[in-house]
Amino acid sequence: MITASHLIKAYGETRALDDVSLDVAEGDIFGVVGTSGAGKSTLIRTINGLESPDSGTVDVAGTRITNLSGDELRAARHGIGMIFQHFNLLSRRTVAGNVSLALEAVGMNKARRNTRIREILDLVGLADRADHYPAQLSGGQKQRVGIARALATNPRVLLSDEATSALDPETTAQILGLLKQLNRELGLTILLITHEMDVVKQICTSAALMQHGRIVEGGRLRDILLRPGSLIARQLFPLGEAPRSPGTTVLDLTFTELTAQDPVIARLAREQGLDVGLLGAAIETIDGEQTGRTRLALPSGANVDAAVASLQHQGIVVEVVA
Ligand SMILES: Nc1ncnc2c1ncn2[C@@H]1O[C@H](COP(=O)(O)OP(=O)(O)OP(=O)(O)O)[C@@H](O)[C@H]1O
């Protein structure tokens with residue numbers, strides 16, 4: 001649904017995008033994560049045609065965005081909804097008036113606009129706020145207006161630029177819940193950029209990690225998590241620095257639903273006759289599956305190869321970290 005191919009964008013000496021390629025499948029919720037300055041905003045602005053790359057191409061829903069300019073580009077952008085960290089609402093317009101803007105831009109007549117505004121405000125849970133002004137709304141309600149405005153023209157794609165970064169954790173969870181619902185009910189494809197791994201945990205089905213203008217890792221979350229050495233898995237389930245104590249072997253285990261219910265540690269201890277220590281664990285539901293990482297310590301003298309083989313036999317990804 002969204003394909004970016006070999007994007008390069010430089011600002012002076014800085015390569016904000018340094019050969020970035022990305023594929024977002026229809027119906028996916030794809031999160032691009034990275035620290036400040038990694039190039040996330042430049043990427044999302046290039047995908048909706050606000051920024052043109054020095055080279056490379058962007059296709060959204062079958063249209064080559066990077067070939068368009070002027071009216072053609074404006075028309076294509078009506079098919080791409082976008083929401084922002086600071087909502088970008090017009091303070092002098094009511095909630096209905098803000099949503100109406102998107103519909104006026106595509107030339108819809110007043111009667112149809114009014115019907116569509118009611119419909120979309122109902123969908124985002126703001127039917128009773130149509131006549132309020134942005135200043136009279138909470139942050140979460142303002143973002144709901146942003147979402148209603150972005151989806152008013154029925155785009156198949158929604159881009160989200162740090163849409164929950166200005167919200168408290170509870171409101172963030174509600175807005176992410178709404179996005180997930182819209183993804184499910186409308187088949188909406190969502191590409192979001194965020195610096196918060198929690199956002200990825202809560203709704204994404206796929207993710208990519210950006211560093212210094214490059215995508216250093218990406219794919220479906222369930223595949224990424226089972227990739228030994230995955231940077232995204234480490235950030236999703238931080239276990240910290242591995243402790244070093246002479247003779248002890250430290251293992252990091254990554255497991256998915258298949259094994260979450262199994263008595264993995266007990267079985268390892270029993271089969272190998274080992275006193276296994278538990279050093280850390282982080283377990284969450286990701287993409288609907290119980291997933292997690294656990295850090296174990298094996299005592300000195302343990303047959304590490306046999307222990308690793310036994311864990312791998314149970315479908316667990318094992319890394320010897322110390
Ligand atoms: N218009 C611009 N002019 C000059 N440099 C820019 C411009 N836009 C971005 N950059 C530079 O490009 C790099 C990537 O910036 P970008 O805003 O895309 O990163 P980001 O990951 O979105 O960071 P943040 O989360 O802080 O917004 C940075 O080094 C930034 O300073």
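In each ligand, atom 1 is the first atom listed, and ligand 1 is the first ligand listed. Here the structure is a predicted model, which is why all the values come from computation and not from measurement.
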Within 6.0 Å of CD in E185, more than 12 heavy atoms from elsewhere: yes

As a test of reading the model: which residues have a non-hydrogen atom less than 4.0 Å away from ligand 1? Y11, T14, A16, T35, S36, G37, A38, G39, K40, S41, T42

Give a yes or no answer on whether the side chain of R149 reaches the backbone of A102 with a donor-acceptor pair at less than 3.5 Å. no

For T291 and E284, test the side chains for any donor-to-acceptor distance below 3.5 angstrom and give the result as yes or no. no

Given the options T248, V250, T294, L279 meets side-chain contact (heavy atoms from CB on, under 4.5 Å) only with V250

Quick check for you: to the nearest 0.5 Å, what is the distance between T164 atom OG1 and L176 atom CG? 5.0 Å

With distance as the sole criterion, is a donor-acceptor pair present between the side chains of T94 and D131 under 3.5 Å? no

